[in-house]
Amino acid sequence: MAKNKKTAIEPTREDNYSEWYQQVIKAADLAENSDVRGCMVIKPWGYAIWENIQRILDTMFRETGHKNAYFPIFIPKSYFEKEAEHVEGFAKECAIVTHSRLENDGHGGLKVAGELTEPYIVRPTSETIIGASFAKWVNSYRDLPLLINQWANIVRWEMRTRLFLRTAEFLWQEGHTVHESYDDAMVETRKMLDVYSDFAERYLALPVIKGEKTDSERFPGAVSTYCIESMMQDKKALQSGTSHFLGQNFAKSSGIKFQNRAGEIEHAWTTSWGVSTRLIGALIMAHSDDNGLVLPPKVAPAHVALIPIYRNDEEKAAVLEFAHKIELQLKGLYLDEIKIYSEFDDRDLTSSERNWYWIKKGIPLRIEIGPRDVSGNSVMVARRDKDGRDKESIAIEDLTNYVVQTLANMQDNILNSALEFRSQNTIKIDDTKQFYDFYTPRNVAQPEIHGGFAVSHWCGESACEEQIKTDLKVTIRCIPFGDEYIEEGECIKCGKVSHKRVIFAKSY
RNA sequence: CGGGAUGUAGCGCAGCCCGGUAGCGCGCUCGGUUCGGGACCGAGAGGCCGGAGGUUCAAAUCCUCUCAUCCCGACCA
C-alpha cells in the first residue's frame with residue numbers, strides 16, 4: 001500500500017523547525033551524533049560538502065596571497081594566559097590535558113598518570129600558539145605581511161550542541177596575518193570578510209549581510225570584529241563567518257615585534273578570520289525544504305542521479321546500456337570551474353524509492369531513464385529546486401547543454417529564493433511598540449517563529465542593546481556596512497539620537 | 001549549569017497509571033511478481049525494554065541514583 005506521505009521530512013519546517021533540521025540531516029545522511037558528548041560524526045555525503053567548501057575557499061585564500069601551515073592542537077596554559085580578554089572569553093569552554101599516561105589500576109581498568117608540569121589547553125582558537133611562532137618569524141618590515149592559514153579542528157566545550165551549528169569539536173579554517181601598519185591590517189580584515197561574503201553568495205547561494213559586531217559580540221581580545229550574517233528559514237540569524245582586526249593586542253601579548261622602515265622596533269598589527277563546518281548548517285537551514293536537503297550545485301557532492309527504470313530483463317539490458325552511454329556523455333562536464341559528478345543508481349529498488357532517496361540527499365538533478373526514453377532517444381529530468389513531478393523530457397543531443405545550463409540556473413535560483421525570503425522578512429522599524437510586537441511570538445508554543453530581521457536605529461549604548469536582549473532575546477547581529485543604513489534617527493530603545501540603523505534579530 | 005519532556009528491534013511508536021518476563025508499523029534478509037512519485041505476495045531474522053542499585057515470589061512497569069537526547073533559559077562560530 002502506498003504511504004502517500006505529503007512530505008519526505010516529518011515534521012515540516014512549520015510544525016517544528018529544529019526537529020525538521022535534525023531530520024533533514026538524518027534523511028540526507030550528512031552526520032550523526034557520536035557517543036562522545038557534543039561531538040558529531042560527519043558522514044561521507046556531509047564530509048564531501050565540507051571538502052568542496054575547503055577546496056574552493058583554499059583556492060580563494062591562495063589567490064589572495066595566503067599560505068597554509070599547521071600548528072599544534074595543544075596550547076600551553078601560560079600562552080593562553082597572556083591576553084586577558086582572550087582568556088576570559090574562552091576560559092569557560094576549554095578542554096584541558098593534564099596527564100600523559102595510563103597505568104593499570106589493578107582492577108582490570110586504567111588510571112591516568114604522568115601529570116604534566118604545565119596543563120595544555122586543547123585549542124579553542126589558535127591566536128596564542130600561532131603568535132608564539134610568529135614572534136620568531138617576524139623581525140623586519142621585510143618579513144611582512146605574513147599571511148598564514150590553517151585548516152584544523154577546534155574544541156569548545158559547549159553546554160548545548162546541535163549538529164553542524166554548535167558542536168564541541170568542529171572543523172574550520174583560521175587565517176592569521178601580521179602587518180606593519182594599522183591600515184594594512186584593517187585592509188586585510190575587510191578583504192577576507194569580502195572573500196567570505198563572495199564565497200557565501202556565489203557558492204553557497206547564501207546571501208549575507210556584512211557588518212561590524214557591537215562591543216558585546218566582539219571576539220575576545222580583538223579591537224574590532226566583522227561578520228557575515230545570514231537569515232535561516234525560521235527567520236533567525238546565523239553568523240556564518242568572522243574576521244577580526246586584532247590591533248596590536250596579540251602582538252603585545254605574544255611579542256610579535258619588528259624593525260620598521262624608520263629603523264624602530266614596534267609591535268606588529270595582526271588579524272584573524274575563520275569559517276567552520278557551521279556553514280553546512282547554514283546551507284541546510286537556508287535552502288532545504290520539507291522533502292529534505294536542497295544543495296546549491298556548486299557545493300553539492302554530486303550533481304546528477306542517473307536512475308534507470310525497467311520492468312524485465314530485456315528492458316533492463318537495453319535501458320542500462322543506454323543509461324551507461326548517458327553516464328559517459330556527462331563525464332568531464334564543468335559548471336564554471338566545478339567538476340560535475342554523476343551517481344549511477346541501479347540498485348534493486350523501485351524507481352520511486354531511488355528518486356526519493358536522491359531528493360532527500362539534495363542532489364540537484366535526477367535523470368530517469370526508462371524504456372520509453374531508449375526508443376525516444378531522450379530522458380526525463382527533474383530538478384531539486386522544483387516540484388519533483390515537474391519533469392522535463394530532454395533529447396539526448398541536448399542533454400549536455402541542458403545539464404550545465406540548468407545547474408547554473410539552479411545556483412542562481414536558490415540564491416534568489418534566499419534573497420527574496422530575507423527581504424520579505426526584513427523590515428525597517430522605528431516604533432518601539434512595533435519592534436516589541438515584531439519579536440513577540442504569535443504562538444507561545446512555538447516561540448521559534450517570529451518576525452525576522454529588524455533594521456532599526458541604535459544609539460550605540462550597550463545598555464539599550466542589553467535591555468532588548470533581556471526583554472526579547474533579540475540582539476544586534478551587526479552594524480551593517482553600506483550607505484543605505486546611514487541616516488539620522490532615534491534609538492529604538494531609548495529614543496536618543498542615532499546616526500545609523502543596525503540589524504536586530506534572534507540568532508543561533 | 002537551572003526548568004521541562006523523552007529513552008522499549010535499524011527508524012517511528014504502543015505497553016507503564018492498575019507488576020506476571022514484550023508488541024505494532026516501517027526498514028532488513030530470502031523467494032517470487034514488480035519498477036516513469038514512496039509496489040505487492042509469501043517466508044524469516046532481529047530487543048536481557050539507556051545504565052546501576054533497591055522493593056517484590058515476580059519489574060519495561062514501582063522507588064532511588066546515573067547517563068544520553070530534545071525543548072526552554074544562561075553561554076556560544
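If you're wondering where the values come from, they're calculated on a predicted model, not measured in any experiment. In the text below, chain A, chain B and the rest are named by the order of the sequence lines, each starting its count at 1.
If you check every strand for non-hydrogen atoms under 4.0 Å, A/Leu165 touches a base. Here A/Asp346 lies out of heavy-atom contact (under 4.0 Å) with every strand. Among the atoms of the strands shown, only primed sugar atoms or phosphate atoms (P, OP1, OP2) are found under 4.0 Å from some heavy atom of A/Lys473. Nucleic acid contact for A/Ile154: none, since no nucleic acid atom lies under 4.0 Å from a heavy atom of the residue. A/Thr350 comes within 4.0 angstrom of a nucleotide base, judged by non-hydrogen atoms across all strands. A/Glu368 comes within 4.0 angstrom of a base, heavy atoms only. Across all strands shown, A/Thr167 has heavy atoms under 4.0 Å from base atoms, whether or not it also approaches the sugar-phosphate. Note on A/Thr242: nothing from the nucleic acid sits closer than 4.0 angstrom, heavy atoms only. At the heavy-atom level, A/Phe219 lies nowhere under 4.0 Å from the strands shown. Within the nucleic acid shown, A/Asn312 has no heavy atom closer than 4.0 Å to any nucleic acid atom. Contacts of A/Arg366 with the nucleic acid, taken as non-hydrogen atoms under 4.0 Å apart, include base atoms.
At B/C70, none of the side-chain N or O atoms of A/Ser18 fall inside 4.0 Å of OP1 or OP2 (strictly under the cut-off). Between A/Lys506 and B/C72 there is no side-chain polar atom (N or O) within less than 4.0 angstrom of OP1 or OP2. Phosphate proximity of B/C75 to A/Lys469: present, with a side-chain N or O under 4.0 Å from OP1 or OP2. When the side-chain nitrogen and oxygen atoms of A/Ser352 are compared with OP1 and OP2 of B/A39, one or more of them lie within a distance under 4.0 Å.
Rounded to whole Å, the separation between the C1' atoms of B/G73 and B/G47 comes to 37 Å. One P atom belongs to B/G53, the other to B/C11, and the distance between them is 25 Å to the nearest Å. With both ends at atom C1', the span from B/U8 to B/U21 equals 14 Å, rounded to whole Å. To the nearest whole angstrom, the two C1' atoms, one in B/C71 and one in B/U33, are 47 Å apart. Only the P atoms considered, B/G27 is 9 Å distant from B/A39, to the nearest whole Å. Rounded to a whole angstrom, the distance from the P atom of B/G42 to that of B/C67 is 48 Å. The separation of B/C48 from B/A60, taken at their P atoms, amounts to 12 Å, rounded to a whole angstrom. Taking the P atom of each, B/G3 and B/A14 are spaced 26 Å apart, rounded to whole Å.
Ring pair A/Trp20/A/Tyr17 is tilted by interplanar angle, where 30° to 60° counts as tilted.
B/U69 atom C1' lies 9 Å from atom CD of A/Gln22, rounded to whole Å. Separating the CD1 atom of A/Ile309 from the C1' atom of B/A39 is a distance of 14 Å, rounded to the nearest angstrom. The CZ atom of A/Arg311 sits 18 Å away from the C1' atom of B/G32 (whole-angstrom rounding). B/A77 atom P lies 8 Å from atom CD of A/Glu158, rounded to whole Å. As rounded to whole Å, 15 Å separates atom P of B/C11 from atom NZ of A/Lys360. Across the protein-nucleic acid pair, A/Tyr310 atom OH and B/U34 atom P stand 14 Å apart, rounded to whole Å. Going from atom CZ of A/Arg347 over to atom P of B/U34 covers 22 Å, rounded to whole Å. One atom, CG of A/Asp29, and another, P of B/G10, lie 16 Å apart when rounded to the nearest Å.
Of the nucleotides present, none pairs with B/G27 by Watson-Crick or G-U wobble criteria with both distances under 3.5 Å. For B/A22, there is no paired base (Watson-Crick or G-U wobble, both distances below 3.5 Å). With a cut-off of 3.5 Å on both pairing distances, B/G36 has no Watson-Crick or G-U wobble partner at all. Using N1 to N3 plus N6-O4 or O6-N4 for Watson-Crick, or N1-O2 and O6-N3 for G-U wobble, each under 3.5 Å, B/A45 pairs with nothing. In this structure, B/A5 and B/U69 make a Watson-Crick or G-U wobble pair, each of the two defining distances being under 3.5 angstrom.
Electrostatic pairing of A/Glu229 and A/Lys213 counts as a salt bridge here, judged by a charged N lying under 4.0 Å from a carboxylate O.
For A/Gln239, the listed nucleotide lying nearest its side chain is B/A77; candidates were B/A77, B/C11, B/G36. Looking at the side chain of A/Arg372, the nearest of the listed nucleotides B/C35, B/G36, B/G38 is B/G36.
In this structure, A/Phe61 has its ring center closer than 6.0 angstrom to the ring center of A/Trp273. A/Phe435 has its ring centre less than 6.0 Å from the ring centre of A/Phe504.
No hydrogens or angles considered: a donor-acceptor pair under 3.5 Å links the side chains of A/Asn409 and A/Arg383. Residues A/Asn68 and A/Gln150 have side chains that never bring a donor and an acceptor to within less than 3.5 angstrom of each other.
Residues A/Lys391 and A/Glu368 have side chains in contact (heavy-atom distance under 4.5 Å, counting atoms from C-beta outward).
Ranked by how close their nearest RNA chain B nucleotide is to the 5' end, A/Ser276 and A/Tyr357 are led by A/Tyr357. Heavy-atom distances to RNA chain B give each of A/Val374 and A/Arg477 a nearest nucleotide, and the one nearer the 5′ end belongs to A/Val374.
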Show me, pair by pair, the donor-acceptor contacts under 3.5 angstrom made by side chains of residues 313-324 of chain A, not counting sequence neighbours?
| unit_1 | atom_1 | unit_2 | atom_2 | d |
| --- | --- | --- | --- | --- |
| A/Glu315 | OE1 | A/Arg311 | N | 2.7 |
| A/Glu315 | OE1 | A/Arg311 | NE | 3.3 |
| A/Glu315 | OE2 | A/Arg311 | NE | 3.3 |
| A/Glu315 | OE2 | A/Arg311 | NH2 | 2.8 |
| A/His324 | ND1 | A/Glu327 | OE1 | 3.1 |

Donor-acceptor list for residues 84-98 of chain A side chains, cut-off 3.5 Å, not counting sequence neighbours:
| unit_1 | atom_1 | unit_2 | atom_2 | d |
| --- | --- | --- | --- | --- |
| A/Glu85 | OE1 | A/Gly221 | N | 3.3 |
| A/His86 | ND1 | A/Pro220 | O | 3.1 |

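Between the side chain of A/Asn355 and the base of B/G36, no donor-acceptor pair under 3.5 Å is found.
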